[in-house]
Amino acid sequence: MEPALEIARIAKHEGKKVALKGWVHNKRSSGKIRFVLLRDGTGIIQCVFLKEQVPEQAFELADSITQESSVEISGTVREDKRSPGGYELSGSDLKLISLAEPYPITPKEHGVDFLMKHRHLWLRSQRQFAILRIRSELIKAFHDFLDDSGFILCDTPILTPAACEGTTTLFNVDYYGEPVFLTQSGQLYNEPLCAALRKTYCLGPTFRAEKSKTRRHLTEFWMLEPEVAFLDLEGCMDLAENLVAYAVGRVLERRSPELGILERDLSKLEAVKKPFPRITYTKAVELLKSKGRNLKPGDDFGAEDETILGQSFDRPVLVHRYPAPVKAFYMKRDRSDPNLALAVDMIAPEGYGEIVGGGQREDDLKELEKRIKEHDLPRQAFEWYLDVRRYGSFPHSGFGLGIERTVAWICGVHHIRETIPFPRMLEKIYP
RNA sequence: UCCAGCGUAGCUCAACUGGUAGAGCAUCCGGCUGUUAACCGGAGGGUUACAGGUUCGACUCCUGUCGCUGGAGCCA
């Protein structure tokens, strides 16, 4: 079978007779004329059938065909301003490949629960088409940026013996009778990898068994985690800023039609230029207090705090030097104030919250041993991790970037469930 | 896990202070030669989530169960 012509490339075939394969997105009729909106996964084109110009069978089929039936349509490509997309197909024939049963998702409105139960079909809609194409572009942009910067992609394991940041939020797996966990982060593995390859990153699914039920949470989400040897906190912030600014620029450059489908306010994305504001945790608390938030020193930010912080700037803001107790055990302490961790979060504008979390890692063996003890972590499970400090320790930094939250922000979609094809959420695993 | 709200036709919703179930879309039939979520006419479609209670009478009030939505904490 020859690969069918794609609607996305139809403009190159203007005036020519072509055959398209796809699904019936919608149809309309008026007397002796039939309009079939053909969707082929790359785009949508309106096909027009006139009773006198097509075989009787084809004309009748254009009438009786059901939404999402698969068809082959032949006709002549014609520029037409009346048609969405600018091009139209003067249909000469319509052949049925498979007749669809009555399709549950109609062009009218539907509720969230209904759409989520039909997620496998919902993916065919224009909005999801746009979001998934932007997601793909964003991930491609991350790979390109890191590759061009000399990073080596290193995949980290999904089955892990120990918790990265505490055991309460892990999914358990039976591993030949041994209890192991689905990974929560590739971070601990990235650290030895960056001693081998200097600049490394991983991109993969991570799992959190948190009982979180908000628009910002999934139990399975994808995380991009770069880790760099001989990089301090400031360098880590530079990297995060460069990466995000580049990726947003790429989406603007290559996916503006999709942003248009989503009716995204482009000026909000165009503002995302370097430099991003950088404020300390202490300054951030002052800012929040000035806006009426009641925070005690040492408190971590709540969802509302993050929203306010994000809305205070027209581009992502980097908040650094957090109180050590609210951050992970492996964060290096600030030499000028040991109560502070050399950690950084990037908070997206428009209330999308934290999209990046990371910082400089503790590279002193004694300090790290102390932290493991303080956090009541199983020391033995971390021996290999401590080896990174035993054999030529070095300052290093890195972060994790949440793919879905970033996609949600760039797309301007309200809920993270739309940013991944098949979202896994609290007690929701079908389809 | 906690707090709040919701559950009526395939879908989205309506039904006053408790008075006996209704609209649009979808489906089916018919009409229309340029439709844009097309439109117009007609038809079929209901154990009002489930179980119990109060009442002459329950979609409506009460109790419980289940499901969903939004939010919180935790986090990316």
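Source: prediction; values computed, not measured.
In this structure, the ring of Phe49(A) has its center no less than 6.0 angstrom from the ring center of Phe59(A).
Taking the six-membered ring where tryptophan is involved, the planes of Phe207(A) and Phe171(A) are perpendicular, since the angle between them exceeds 60° and thus also 30°.
Separating the C1' atom of rA14(B) from that of rA23(B) is a span of 7 Å, rounded to the nearest Å. Comparing the P positions of rC61(B) and rC74(B) gives a spacing of 37 Å, expressed to the nearest Å. When the P atom is used for both rU60(B) and rG18(B), the distance is 11 Å, rounded to whole Å. Nucleotides rG46(B) and rC56(B), compared at atom C1', are 25 Å apart to the nearest Å.
Picking from rC32(B), rC75(B), rC11(B) the nucleotide with the shortest atom distance to the side chain of Asp300(A) gives rC75(B). Candidate nucleotides rG34(B), rC75(B), rC68(B) were compared by shortest atom distance to the side chain of Asp113(A), and rC68(B) ranks first. When distances run from any side-chain atom of Gln46(A) to the nucleotides rA76(B), rU69(B), rG34(B), the shortest one goes to rG34(B). Of the candidate nucleotides rU35(B), rC11(B), rG73(B), rC11(B) has the atom nearest to the side chain of Phe114(A).
Between the side chain of Lys211(A) and the base of rG73(B), no donor-acceptor pair of N or O atoms lies under 3.5 Å. A donor and an acceptor atom never sit less than 3.5 Å apart when one is taken from the side chain of His110(A) and the other from the base of rC11(B).
Across all strands shown, rC16(B) remains unpaired; no Watson-Crick or G-U wobble contact has both distances below 3.5 Å. Here rU8(B) sits opposite no nucleotide as a Watson-Crick or G-U wobble pair (both hydrogen-bonding atom distances under 3.5 Å).
When the shell of 6.0 Å around CD of Glu56(A) is examined, it contains 12 or fewer heavy atoms from other residues, nucleotides or ligands.
Put simply, Phe221(A) rests on the base of rA76(B): the two rings are less than 5.5 Å apart at their centres and nearly parallel, under 30°.
Taking a cutoff of 4.0 Å between a charged side-chain nitrogen and a carboxylate oxygen, Glu241(A) and Lys274(A) do not qualify as a salt bridge.
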